[in-house]
Number of protein chains: 2
Amino acid sequence: MNEQDILKDAERHCTKTGARLTPLRRRVLELVVRADAPVKAYDLLSQIDRSNTSAKPPTVYRALDFLINAGLVHRVEALNAFVACPQAGHGHAAVLYICEVCTKVTEVQGARPGQEHKPEGFCVTRSVIEHYGQCMNCR
Amino acid sequence: MNEQDILKDAERHCTKTGARLTPLRRRVLELVVRADAPVKAYDLLSQIDRSNTSAKPPTVYRALDFLINAGLVHRVEALNAFVACPQAGHGHAAVLYICEVCTKVTEVQGARPGQEHKPEGFCVTRSVIEHYGQCMNCR
DNA sequence: TTTGTTTTGTTATGTTATCACATCCGCACA
DNA sequence: TGTGCGGATGTGATAACATAACAAAACAAA
Ligand SMILES: [Zn+2]
Ligand SMILES: [Zn+2]
Ligand SMILES: [Zn+2]
Ligand SMILES: [Zn+2]
C-alpha cells in the first residue's frame, strides 16, 4: 500500500467517522506516512516548522493525539516514536515487528491474541508485551 | 513470593552469574521490590537521596540498567517505569498485565508466544505488543 | 450576527534520560 | 608496599520527550 492510498484511506475513514482531518493534522499524517519508519515528535516538529514557523511542541503532540485516536497512527512505546497505520481504524490491537537494523516496521493483526502472523524471515530478539486493563479486584 | 525471598533470590542469581550486586544496586533493587508497583526513576532517586545526598540521575539509571541486564527488573515501556521481576533471570520474555486502577502488575511467562496465561478475571482494554529484531533482508 | 465549540497559537514548565569527565575502590601483580 | 588497571560511582551540564495553562482564531449552528 503506497503513501497516496494510505492518505486517501485516512480521508475516507475520517469522513465516515466524523473526525475532522484539518490541514495541520493532515500535514502531520503525511509526514508520518512518508517517513516509512518510526518518526520522533520533535523531528515532525522541525519539518512542520519549515512551512509554519509557529509550530511548537503542543502543535505536533495534539495532532498526534488526534491521529492516534482516529486509528491512523500508532505510538511505538519503546522508541518514543510514531508510525502510520496501514489499515485505517482497524479494530484489532496492533502487533508491530520492528527491524533494529533498517528500522522498517511491519504491522500485523491477529484474529485473536497469539495468532498474529509473524513476517516471513523475521528474527525476534526482544519483545515488549504489556496488557492494560482492570484486574479481578478492580472491575 | 515476598520481598525478602525476591531479594535473596536476586543475591543467589548474581552470585551464580558473576554479576556484582553492589550496595547501591541492591538498595535500588530493594526500593523497586518494595514499591510493589511500577516505580519511576526519579521517585527512586528521591528515595535514595534520603540516605545519599549525592545521588543524581545517572546514579539511578545506571543501577537500573544493571538490574535490567541481570534480569532482576523489567522496564514498563508505556509507563516509563520499572518493576521487579518475580523470577530472577528467567529466560522467557516477560508478559505484563497492568491494572490501571490499582497499578498492580502481574507477570506471566508463556512457553511459547500466545500461550501466556492471562490472570484470572483480568479484563484487557489496551495492549502494547512490539517485537524487535532483524527482518529477512537484514539478517 | 451572536453564541458556543473546537482548533490552533504561545509561553512556560515539567518529566525523562544521557553525556563527559573526575574520582574512588578493589584487586592483581611487581 | 606500592603501582597500575578496570569497574563503579560522583558530579555538573544538557539533551530529549511531553504537558499545563491560557489566549486567539476558526468554525458551525441558531
Ligand atoms: Zn494499525
Ligand atoms: Zn531490516
Ligand atoms: Zn521477569
Ligand atoms: Zn486492580
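Below, all heavy atoms of this structure are taken into account, side chains as well, without hydrogens, waters or symmetry copies.
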Inset, instruction - Measure the distance from CG on B/L64 to P on C/dA17 and round it to the nearest whole Å. - result: 9 Å
Inset, instruction - Check A/R126, A/H74, A/E77 against B/E130 for a side chain to side chain contact (heavy atoms under 4.5 Å, CB included) and give me the one that passes. - result: A/E77
Inset, instruction - Nearest whole angstrom, please: distance from the P of C/dT10 to the CG of A/L24. - result: 12 Å
Inset, instruction - Produce a footprint string for nucleotides 17-30 of chain D: one letter per nucleotide, 5' end first; B if the base is under 4.0 Å from any protein heavy atom, S if only the sugar-phosphate is, - if neither. - result: BBBBB---------
Legend entry - Interatomic distance, B/K56 NZ vs C/dA20 C1' [rounded to whole Å]: 16 Å
Inset, instruction - Kindly assign one of parallel, tilted or perpendicular to the pair A/Y61 and A/F82, based on the angle between their ring planes and the thresholds 30° and 60°. - result: perpendicular
Inset, instruction - Using only side-chain N and O atoms of A/T22, determine if any of them is under 4.0 Å from OP1 or OP2 of C/dT7. - result: no
Inset, instruction - Report the distance from atom CG of B/L21 to atom P of D/dG7, rounded to the nearest whole Å. - result: 18 Å
Inset, instruction - Using only side-chain N and O atoms of B/S54, determine if any of them is under 4.0 Å from OP1 or OP2 of D/dT9. - result: no
Legend entry - From CA spacing to verdict: side-chain contact (heavy atoms from CB on, under 4.5 Å), B/L72, B/H13: CA-CA 9 Å; B/L72 304 174; B/H13 181 68; 4.1 Å; yes
Inset, instruction - Measure the distance from CG on B/D43 to C1' on C/dG14 and round it to the nearest whole Å. - result: 14 Å
Legend entry - Rounded distance (Å) that lies between atom P of D/dG10 and atom CZ of B/R27: 13 Å
Legend entry - Sub-4.5 Å side-chain heavy-atom contact between B/E107 and B/H90: yes
Inset, instruction - Can you tell me the distance, in whole Å, between the CZ atom of B/R25 and the P atom of C/dC25? - result: 16 Å
Legend entry - Which residues share a salt bridge (Lys or Arg N to Asp or Glu O under 4.0 Å) with A/R12, sequence neighbours left out: A/D9
Legend entry - Between CG on residue A/L31 and CG on residue A/L45, distance to nearest 0.5 Å: 10.5 Å
Legend entry - Separation of C/dT15 C1' from B/L45 CG (nearest whole Å): 12 Å
